[in-house]
Amino acid sequence: MSPGHYVALAVILFVIGAVGVLVRRNALVIFMCIELMLNAVNLAFVGFARMHGQVDGQVAAFFVMVVAAAEVVVGLAILMAIFRARRSASVDDANLLKY
Amino acid sequence: MTNTLVAVAARAATVPTEVPLPAVGVQRAAWLLLVFPLAGAAVLLLGGRRTNKWGHVVGVAMPLAAFVYGVIAFVAMLGYPADQRSRELTLYTWIHVARFNVPVGLRLDQLSICFVLLITGVGSLIHIFAVGYMSHDPERRRFFGYMNLFVASMLLLVLADNYLALYVGWEGVGLTSYLLIGFWQYKPAAAVAAKKAFVVNRVGDLGMSIAIMLMFATFGSVTFSGVFGQVGHASQGVTTALGLLLLLGACGKSAQVPLQSWLLDAMEGPTPVSALIHAATMVTAGVYLIVRSGPIFDLSPNARLLVTIVGAVTLLFGAIISSAKDDIKKALAGSTMSQIGYMILAAGLGPNGYAFAIALLLAHGFFKAGLFLGAGSIKHEMNDEVDMRRFGGLRSVMPVTFVTFGVCYLAIIGVPPFSGFFAKDTVIDAAFDKGGASGWILGIAALIGAGITAFYMTRVMFMTFAGERRWDPDVHPHEVPPVMTSPMVLLAIGALGFGAFEIVGDRLVDFLGPVTGATPAEPGLFTTAGIVALILIAAGIALAWAMYGRRPVPAVAPHASPLTVAARKELYGNTVNESLLMRPGQWLTRLSVYFDNRGVDGLVNTVAATVGGTSGRARRAQTGFVRSYALSMFVGAVLLVGALLLVRI
């Protein structure tokens with residue numbers, strides 16, 4: 001397996017995630033898509049680290065995982081609060097903060 | 001170069017360099033002159049309603065006390081030799097900053113004591129008259145408070161030993177005249193007249209204040225001794241400028257053309273106020289200023305010439321207005337303007353005329369106060385009617401008023417041996433003595449003025465006291481009470497004898513000599529000019545008799561010649577002011593307001609509206625949809641990456 005394959009897989013995963021974020025309305029699905037994008041980036045980090053024989057990329061991947069975990073905790077809490085208040089998990093319904 | 005020095009030295013030598021001596025003895029208490037009326041004003045104005053009952057007693061007592069002290073100081077002055085009568089009393093240092101040093105002091109000399117006696121003497125008589133005249137006015141206490149303040153301001157004006165303190169009195173007179181002319185401020189006409197007097201006076205005050213600044217800039221001093229001591233070394237331009245600025249100030253206070261318009265409207269005030277303004281205070285201030293500033297005017301023939309021209313124009317101007325006014329007070333007001341014109345004319349003649357200006361001023365103080373008090377008592381009995389076409393036949397019902405008014409009438413038109421004959425003829429003689437074409441023109445103007453004076457005053461007499469009774473049916477005039485007649489009697493005695501007293505034997509001329517400079521040549525009585533004046537006076541009386549004595553006076557003013565119509569409208573003085581000053585001023589303010597609204601505000605408002613409109617449209621981008629925000633972030637990120645790639649390649 002050449003590094004190009006890893007990068008290609010990472011790009012595919014990232015694009016799937018990005019499209020998911022843009023087109024889906026359900027907040028939970030959007031969260032999962034964001035996770036998909038983050039892990040696509042992790043894959044790219046790890047792939048490049050392996051290619052260059054350095055650990056910097058792998059360390060970065062760990063950082064991303066830690067941040068993603070924290071983000072999920074905060075995000076899910078917000079989502080819970082919104083769902084309780086509005087009985088809906090659709091991001092299009094939560095559009096009060098606007099002009 | 002040498003010639004210039006000689007010229008400067010020669011000019012400096014002509015200035016009287018009399019240095020006043022410090023006051024001693026009873027004159028050390030000269031500040032009492034200011035304290036008495038000021039205390040009266042303070043008690044009456046700060047005491048409020050609880051002084052209502054006895055306020056007028058204080059109001060009369062204070063000027064009387066000042067008069068008594070004035071007589072004592074005058075007697076003390078007569079005890080000194082003629083060259084030691086000028087005394088100064090330094091009260092305190094008002095301002096002392098670096099080179100600017102203003103000690104406030106009083107100067108008691110022959111000139112100021114004349115004014116002190118006139119102001120307090122005639123002023124006290126007017127105060128006594130006002131006790132009766134204002135007896136039905138609920139605000140009589142406040143009236144006396146203002147009157148006392150008026151007297152105090154005028155005394156400060158004539159007693160100050162420097163121009164800055166004089167200016168304080170000058171402004172005090174302006175303020176109190178405003179308060180008194182507008183005393184019945186609920187009458188719109190009175191309120192407007194007060195405002196007009198104040199505004200017109202401000203124009204003159206401007207000249208005064210600039211003159212004082214110029215004195216300080218040139219001489220580094222504003223005291224009389226400091227300025228007069230150095231004025232001989234000043235350039236011709238500076239002395240002329242000072243003379244013209246002081247003349248502007250004098251024109252404002254003394255109601256001389258072109259600042260005359262306030263005087264007739266000022267008749268809206270209570271009649272004692274008119275008497276006080278016209279006889280003892282206020283309008284005499286301009287004459288005082290010019291005579292006091294004699295050393296400045298002596299050095300500037302151009303300024304003196306303009307002073308005489310202003311005087312000659314005003315004496316004719318006032319006389320013509322007076323000849324057509326049916327309002328008795330306005331007819332008298334026009335005559336004041338005219339008489340003050342004589343004084344200004346005399347003052348403009350320099351050392352030859354100063355003493356005669358003061359002589360006429362003092363004599364005028366008596367007969368004009370008498371005339372105004374007479375007019376006041378008539379108005380009082382005629383239910384505040386002032387139209388002479390509604391008077392007539394008052395001779396028999398108000399005999400005391402008729403006799404006193406008549407004596408003052410004979411005095412003002414200059415019939416011998418009444419005071420106006422002596423005082424006015426000397427002015428006419430002095431004008432002819434000036435020599436040259438200007439002397440002839442001024443003298444002839446003064447002669448014509450004397451003839452017109454006889455006409456309009458006789459007209460007042462006939463319309464008021466003679467003929468049939470043209471009263472309103474509900475008017476029942478009687479003689480006024482003694483509190484009002486006694487001042488009139490005293491003033492009539494003064495009008496009878498004072499002119500002969502001061503002129504015959506050169507009493508006043510010799511007395512004033514050390515202050516007014518060279519003693520003028522002794523005027524002969526019954527000179528050619530004097531006889532011509534008497535003929536003109538007789539002609540004026542005859543004309544007035546033919547028009548108003550022989551024929552009945554119509555109750556409504558008939559159609560008349562264009563000159564009469566113009567005189568009824570005060571020779572269009574107000575029209576000139578309105579079209580030349582007021583309307584352009586209004587246009588200017590309207591233009592400024594337009595420019596402010598449309599120009600300045602327009603620019604600011606346009607910027608604000610543009611920013612507001614743009615942001616109003618831009619905020620529509622904030623839709624509240626998370627996915628649209630995400631899309632814009634993605635697009636941005638893609639563009640950023642794309643740009644980076646593009647730059648690197």
Side-chain angles (χ1 to χ4, degrees), chain A residues 4 7-8 10-45 48 64 67-68 71-72 74-83 85-99, chain B residues 195 199 582-649:
Chain A
V7 175
V11 167
I12 291 165
L13 287 175
F14 189 87
V15 169
I16 291 171
V19 170
V21 167
L22 292 178
V23 302
R24 296 303 297 261
R25 289 191 177 82
N26 191 314
L28 270 174
V29 178
I30 289 176
F31 261 117
M32 290 194 288
C33 291
I34 290 173
E35 289 304 316
L36 202 55
M37 288 160 70
L38 287 172
N39 282 307
V41 173
N42 279 349
L43 182 59
F45 270 129
F48 284 119
V64 170
V67 171
E71 173 245 314
V72 165
V74 174
L76 280 179
I78 293 172
L79 187 66
M80 286 280 289
I82 291 176
F83 187 78
R86 306 180 71 87
R87 289 285 141 200
S88 161
S90 167
V91 289
D92 283 4
D93 287 345
N95 65 346
L96 288 181
L97 191 65
K98 61 182 178 184
Y99 57 83
Chain B
K195 211 190 302 178
V199 169
M582 189 196 90
R583 298 212 185 286
Q586 280 184 335
W587 290 334
L588 193 67
T589 50
R590 275 181 205 150
L591 200 68
S592 317
V593 169
Y594 182 82
F595 177 73
D596 187 44
N597 285 346
R598 297 296 170 87
V600 178
D601 284 6
L603 188 68
V604 173
N605 289 345
T606 310
V607 170
T610 312
V611 171
T614 313
S615 56
R617 276 184 282 279
R619 81 197 158 105
R620 293 277 158 194
Q622 304 291 324
T623 54
F625 289 115
V626 177
R627 294 186 301 142
S628 70
Y629 300 156
L631 179 62
S632 53
M633 278 162 68
F634 272 118
V635 172
V638 167
L639 286 178
L640 214 61
V641 173
L644 282 176
L645 287 176
L646 211 64
V647 172
R648 273 183 76 180
I649 291 167

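The backbone N or O of A:V23 lies less than 3.5 Å from a partner atom in the side chain of B:R627, making a donor-acceptor pair.
No more than 12 heavy-atom neighbours from other residues, nucleotides or ligands sit within 6.0 angstrom of CZ on B:F595. Around atom CE of B:M633, no more than 12 heavy atoms belonging to other residues, nucleotides or ligands sit under 6.0 Å away.
The two atoms that bring A:D92 and B:F625 nearest to each other are O-CE2, 3.5 Å, heavy atoms only. Shown here for B:A630 and A:V21, the closest heavy-atom pair between the two residues is CB-CG1, 4.2 Å.
Taking 4.5 Å as the limit, every side-chain heavy atom of B:R619 sits out of range of all side-chain heavy atoms of A:K98.
Only the backbone of A:L97 comes within contact range of chain B, with heavy atoms under 4.5 Å apart.
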